Amino acid sequence: MMIDRYSIALFLVFSYLVGLLDASAGDADPRYRGCVAECEKTGCAGGTCFPHCKFPSDGVANDGPWYMQEPLYLKWKQWDCQSDCRYNCMIDREKEREAVGHGPIKYHGKWPFTRVFGIQEPASVAFSALNLAMHFHGWLSFFILLYYNLPLRQDKKAYYEYASLWHIYGLLAMNSWLWSAVFHSRDVDLTEKLDYSSAVALLGYSLIVSILRSFNVRVEAARVMVAAPFLAFVTTHILYLNFYTFDYGWNMKVCVAIGVAQLLIWAIWVGITRHPSRWKLWVVVVGGGLAMLLEIYDFPPYQGFFDAHAIWHATTIPLTCLWWSFIRDDAKFQTSILLKKAK
């Protein structure tokens, strides 16, 4: 769904910026800082010890043979000594705060989540995976509808003139949700860039599709003229984020501008069109807007798992199903019109 990925691209940046503002609430806690410093020296935090703390983050042992180095599964997850010390000190500190009646606070810009099998934010990962599955199901059912259930032209191509656009959209959506799951599984520089870049790519392409479908642009040359400047801008923006500077503020402005433009185009189109399934698009637009309130009303994770962002991911799952249902209905509607004209 276009609206949900716009929301994710926008509010993921917003959440990060807000996190930076109050990150000092946990980071500046003297007891937390002291725990981390002591853990990095001794390799133990709150009775839990980490043998790999004898080794730096680059995996090269300070002393001892090669087989005493950090385990491969930890290297793969990149949970080094500092990461494990921060996590366990955070958990211990939160238990102390809870015992005296204090609520959770953020550490390094994030709420204190409970790891599950090394996964940093298990609920967000699970819901991202479900969104990925819903997009795959939606795209696959769209493909089957076009080439197995609806009539085809003599050259075996679909009558629906926007088929190729939605195929590309489906692939970009699945790619974006894949990296969303990976990013929430482990927040490092690489996964962060892949997640943000994938979201921006989907967001930019979604704007192109909204223009082409709403204005009923069918001529290939006209489509290229419309898409070219947007593709150039989005590509430049992604290169800027990855190879020049990861500017969260600028990225938020870009996401807001593209997302608002896309939202307005769909809202205006659904208001004037006589499409038989326009109510589905209304639900997606309105539902996507209401789902944003979960990101605005940020709250700590319940039982260490379900925060506002994770629940927001959950709300996009039914909207994604409805969105692909609208796309399938649009294919049926347009095909029926073209068949009538062909007779």
Side-chain angles (χ1 to χ4, degrees), residues 5 8-9 11-20 23 26-27 32 36 39-40 43 45 48 50-53 55-60 69-94 104 106-133 174-202 238 241-242 246 248 251 295 298 300-301 303-314 316:
R5 292 312 289 160
I8 290 170
F11 282 106
L12 191 61
V13 178
F14 176 79
S15 298
Y16 182 88
L17 291 175
V18 173
L20 288 179
D27 305 348
Y32 168 76
V36 173
C39 176
E40 290 178 347
T48 303
F50 317 104
H52 56 285
C53 271
F55 309 98
S57 300
D58 58 10
V60 179
Q69 294 184 17
E70 190 174 27
L72 288 177
Y73 77 93
L74 289 171
K75 288 184 178 179
W76 176 68
K77 289 280 188 184
Q78 293 193 26
W79 292 119
D80 52 25
C81 177
Q82 184 187 64
S83 299
D84 276 333
C85 284
R86 285 181 174 181
Y87 173 75
N88 283 273
C89 287
M90 175 188 71
I91 295 299
D92 291 342
R93 186 69 186 106
E94 282 302 302
K106 290 186 177 181
Y107 297 80
H108 308 285
K110 290 184 175 292
W111 289 114
F113 290 94
T114 302
R115 289 187 197 170
V116 176
F117 300 111
I119 297 175
Q120 199 166 355
E121 299 176 40
S124 291
V125 172
F127 293 139
S128 293
L130 286 174
N131 272 286
L132 170 60
M174 287 185 283
N175 174 73
S176 184
W177 280 110
L178 169 65
W179 290 116
S180 173
V182 172
F183 171 70
H184 288 297
S185 177
R186 181 67 174 103
D187 177 6
V188 296
D189 184 64
L190 177 61
T191 58
E192 180 181 51
K193 288 182 177 179
L194 287 170
D195 178 49
Y196 278 65
S197 299
S198 299
V200 171
L202 177 61
I238 292 175
L241 292 178
N242 285 276
F246 208 92
Y248 293 95
N251 187 55
E295 280 299 296
D298 190 23
Q303 298 295 322
F305 298 106
F306 301 98
D307 68 331
H309 189 74
I311 297 175
W312 177 34
H313 277 320
T316 60

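Sequential numbering from 1 along the given sequence is applied to the chain's residues. Model, not experiment: these values are computed from the prediction.
- Under the 2.5 Å SG-SG cutoff, Cys89 and Cys39 do not qualify as a close cysteine pair.
- In this structure, Tyr196 and Tyr248 have perpendicular ring planes: the angle between them is above 60°, well past the 30° mark.
- Looking at Pro301 and Phe306, their side chains never come closer than 4.5 Å, going by heavy atoms from C-beta outward.
- Judged by distance alone, with hydrogens and angles left aside, the side-chain atoms of Asp195 form no donor-acceptor pair with the main-chain N or O of Thr191 at under 3.5 Å.
- Of the possible polar contacts, none joining the Asp187 side chain to the Phe183 backbone as a donor-acceptor pair under 3.5 Å is found.
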(message) Would Trp312 and Asp307 count as a side-chain contact (heavy atoms from CB on, under 4.5 Å) here? Give the steps.
(response) CA-CA 9 Å; Trp312 177 34; Asp307 68 331; over 6 Å; no
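- Between the side chain of Asn131 and the main chain of His313, a donor-acceptor pair closer than 3.5 Å is present.
- Taking 4.0 Å as the cut-off between side-chain N and carboxylate O, Arg115 and Asp84 count as a salt-bridged pair.
- Side-chain atoms of Leu241 and Asn251, non-hydrogen and from C-beta on, do get closer than 4.5 Å to each other.
- Taking the centre and axis of the six-membered ring of Tyr107, the NZ or CZ atom of Arg86 falls outside the cone set by 45° and 6.0 Å.
- Looking only at side-chain heavy atoms (C-beta outward), Val116 and Phe305 come within less than 4.5 Å of each other.
- Taking the six-membered ring for Trp and thresholds of 30 and 60 degrees, His184 and His309 have ring planes inclined between 30 and 60 degrees apart.
- Counting heavy atoms from C-beta outward, Val182 and Arg186 have side chains that stay 4.5 Å or more apart.
- Remark: the backbone N or O of Leu194 is not paired with any side-chain donor or acceptor of Ser197 at under 3.5 angstrom.
- Side-chain contact between Thr114 and Tyr87: present, with at least one pair of heavy atoms (C-beta onward) separated by less than 4.5 Å.
- Side-chain atoms of Trp177 and Leu130, non-hydrogen and from C-beta on, never get closer than 4.5 Å to each other.
- Judged by distance alone, with hydrogens and angles left aside, the side-chain atoms of Ser128 form a donor-acceptor pair with the main-chain N or O of Ser124 at under 3.5 Å.
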